[in-house]
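Throughout, residue positions are numbered sequentially from 1 according to the sequence presented. Any value given below was found using the heavy atoms of this structure, including those in side chains, with hydrogens, waters and symmetry copies removed. This is a predicted model, so every value here is computed, not measured.
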Amino acid sequence: TQSTWDVGELIQSDEAERRGRDYDASGCSTLYDLDAASNNNKFTLDASYHCSVARFFNHSCQPNLVNYQVLVEHQDVHRPRICLFAARDIEIGEELCYDYRYNKVRRIMRCSCGAKNCRKWLV
């Protein structure tokens with residue numbers, strides 16, 4: 001079952017790097033790399049000012065949502081939409097969360113999700 005789309009401002013990767021440094025310094029980032037086609041992503045989604053409810057979904061190492069990059073109304077693999085689907089049945093009142101899967105090279109944020117299989121880092 002589809003939960004929601006993750007939306008935001010579509011920015012080029014060089015601008016995302018600049019904003020990312022600022023966001024990392026403040027300890028809050030809402031950037032999502034759109035690299036479905038390759039590791040050489042051209043665009044990033046920034047949900048800091050233009051977003052959907054998905055901006056408020058937290059990370060979990062044992063998530064109840066899974067995110068997929070899908071093409072809608074075009075075939076440009078560099079600009080997919082981010083769609084969140086239920087990974088399992090979700091209880092009423094249960095927090096919605098997905099695995100942020102941060103870049104494994106940048107282990108900058110500790111994880112405190114509390115899941116039994118917590119990786120301790122957002123990677």
(message) Could you walk me through whether Y98 and N64 satisfy the side chain to side chain donor-acceptor pair (under 3.5 Å) test, starting with their C-alpha distance in whole Å, then the side-chain angles of each, then the deciding distance to 0.1 Å, before giving a yes or no?
(response) CA-CA 6 Å; Y98 68 100; N64 53 18; over 6 Å; no
Specify the closest pair of heavy atoms between [X] and [Y], including all atoms of both residues, with the distance to one decimal.
X	Y	answer
D99	N67	O-OD1, 4.2 Å
S13	T44	OG-OG1, 4.2 Å
C113	H59	CB-O, 3.8 Å

Contact check, side chains of [X] and [Y], non-hydrogen atoms, under 4.5 Å:
X	Y	result
I11	F43	no
N58	L96	no
E9	E15	no

(request) Identify whether the distance between the nearest side-chain nitrogen and carboxylate oxygen of R18 and D14 falls below 4.0 Å. (result) no
(message) Surrounding CD of E94 (heavy atoms of other residues, nucleotides or ligands, distance under 6.0 Å), is the total greater than 12?
(response) yes
So how far is it from [X] [atom1] to [Y] [atom2], rounded to the nearest 0.5 Å?
X	Y	atom1	atom2	result
R88	L65	CZ	CG	8.5 Å
R110	S112	CZ	OG	10.0 Å
Y68	L84	OH	CG	11.0 Å

(request) Could I get the full list of side-chain contact (heavy atoms from CB on, under 4.5 Å) partners for N117, not counting sequence neighbours? (result) C61, Q62, A115
